[in-house]
There are 2 protein chains.
Amino acid sequence: MSEGPAGETVDAFHRGRFHVLQPKGGGHRSGMDAMILAALVDAQGAVSVADLGAGAGAAGLAVASRLPAAHVLLVERSPLMADYARRTLALAENAAFADRVRVLEADVTLNGRARVAAGLEDEVHDHVILNPPFNDAADRRTPDGLKAEAHAMSGDLFERWLKTAGAILKPGGQLSLIARPPSIAEIIAACGRRFGGLEITPLHPRPGENATRILVTAIKGSRARLALRAPIVMHGEDGHRFTAFADDLNNGRASYARR
Amino acid sequence: MSEGPAGETVDAFHRGRFHVLQPKGGGHRSGMDAMILAALVDAQGAVSVADLGAGAGAAGLAVASRLPAAHVLLVERSPLMADYARRTLALAENAAFADRVRVLEADVTLNGRARVAAGLEDEVHDHVILNPPFNDAADRRTPDGLKAEAHAMSGDLFERWLKTAGAILKPGGQLSLIARPPSIAEIIAACGRRFGGLEITPLHPRPGENATRILVTAIKGSRARLALRAPIVMHGEDGHRFTAFADDLNNGRASYARR
């Protein structure tokens, strides 16, 4: 991480294979959640991937960096964060894939023609990824306005975001998201009849500890039943070092395939 | 297991510390699910425990066998299965705790005064356990009528059963259930505002395999947030032998405490 001119940082991901320009301290800073989310896109060839609520673009860029033919659309409502995403793409360090990534400043919760007019077209993407603002009361009690906005997920946010995800995915396309365990029922409800074949994977910091995140993938139009997969444990018994698999996911050396 | 006179079996549980008389082959035979469910009651002293949909009584008897001062109410709608439960209690092998167990032939889904009149009184139990008929389309396609009835869990069964569980539990009392992963959202919804502090534990047959069951405990009136606990893996890497903890739970040597 290096500090930019105006309280900004340039953070290296995937062991330096790409960089993200982010506001220092403020905002919803991207880190491991974004990297694990990106690992859920297990694809080959010229797939089209939309990152909803992309922030400065960490998750979407992690997909573009790992998959050499993927095209990525970063969708971000906040003009400030969309500007960070555009400036992130302009970094020399990201030149290898910047031409495969676009930034769309748009509100994910738009509906119908307004959504299409904003650039969120029907059935054009193979994958949609989302790392939604966590709708946690504790998170919302923050003095940081920008962070508050990023975290201000109202009660029906999953419903609204997954409606858009369902609209812009091709039939058979894959939704992937990372969230907190208390949101599990709301996420399943929002999948509704749009998505099926849900696979939920709990993420535990250490063996024996409660899960701190859930990974959810689902297929548009599928009628397959929900599966609860074996957990991913991030750290080994010693509590410090990442497990080899977690380290591979975090550094873009592995994807996490559906069953 | 020994065969009774009319296609019945007497099955030993907890390494012979209690026995259950069950119809052979037919019905919803009890086994490890019931033992694991019973292990969720982590209590001491003269607690009152209701087993809803008790069948021949395996889960409730496992509680009575492990906890030397617990009083258990076996609630079963089917006259046939309630009769098995009564005859189970009359077995000489169960004499050590039979005086702490009662059988109530009643429909769990009754409401209000009809429920109370049937013997399901308000706020009298410290624990309610339930091993509900699995509402799985594959299960319902069975030629076995009795099994079909036991498995015929309609779409709102969790709602109806948890309403009764919430009514008969004391404030602060604990609900415990075992179910299949696809029911997770329905269970959380049925907990609604009646129960909080949900703790969900996935049960995996072997490391790396999908969960086949979920254990759910919740506290009446709690507002604590849902937690997704570390999984319980039933078999070791060799795939055959039970893990020591699974064996302890199955044989009444351990309870599975809430956090």
Side-chain angles (χ1 to χ4, degrees), chain A residues 134-139 158-159 162 178-193 195-218 222-235 237 243 245 256-259, chain B residues 134-139 158-159 162 178-193 195-218 222-235 237 243 245 256-259:
Chain A
F134 293 124
N135 55 343
D136 182 354
D139 279 350
F158 280 108
E159 168 62 24
L162 268 55
I178 185 168
R180 292 189 180 177
S183 298
I184 190 169
E186 188 186 342
I187 292 165
I188 297 170
C191 282
R193 303 181 63 84
F195 296 98
L198 277 72
E199 293 190 358
I200 301 179
T201 303
L203 219 66
H204 299 262
R206 289 169 193 80
E209 292 186 357
N210 288 356
T212 51
R213 297 286 185 273
I214 50 172
L215 309 177
V216 182
T217 64
S222 169
R223 290 284 164 264
R225 305 185 66 188
L226 179 150
L228 188 51
R229 296 183 58 177
I232 296 174
V233 181
M234 302 303 291
H235 300 85
E237 294 283 355
T243 60
F245 186 54
Y256 181 65
R258 282 175 54 86
R259 284 232 146 137
Chain B
F134 294 124
N135 56 344
D136 181 354
D139 280 349
F158 280 108
E159 169 61 24
L162 268 56
I178 185 167
R180 293 189 179 175
S183 298
I184 190 168
E186 188 186 342
I187 293 165
I188 297 170
C191 282
R193 303 180 64 82
F195 297 97
L198 277 73
E199 293 190 358
I200 300 179
T201 305
L203 219 65
H204 299 262
R206 288 168 192 81
E209 292 185 359
N210 288 357
T212 51
R213 296 286 185 273
I214 50 172
L215 308 177
V216 182
T217 64
S222 168
R223 289 286 164 264
R225 304 184 68 188
L226 179 150
L228 188 52
R229 296 183 59 177
I232 296 175
V233 181
M234 301 303 291
H235 300 86
E237 294 282 357
T243 61
F245 186 54
Y256 181 65
R258 284 174 54 85
R259 286 235 144 133

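We name chains A, B, ... by the order of the sequence lines, and we start the count at 1 in each one. Keep in mind it's a predicted model, so treat the numbers as computed, not measured.
- Other residues, nucleotides and ligands contribute at most 12 non-hydrogen atoms within 6.0 Å of the CZ atom of B/Arg193.
- With a 4.5 angstrom heavy-atom cutoff, A/Ile214 touches chain B only via side-chain atoms.
- Counting heavy-atom pairs closer than 4.5 Å to chain B, the top residue among A/Thr212, A/Asn210, A/Leu226 is A/Asn210.
- Going from atom CD1 of A/Ile184 over to atom CD1 of B/Ile188 covers 5.5 Å, rounded to the nearest 0.5 Å.
- Closest heavy-atom contact between A/Gly208 and B/Arg259: O-NH2, 2.7 Å.
- Of all non-hydrogen atoms in A/His204 and B/Leu228, the two that sit nearest each other are CE1-O, 3.9 Å.
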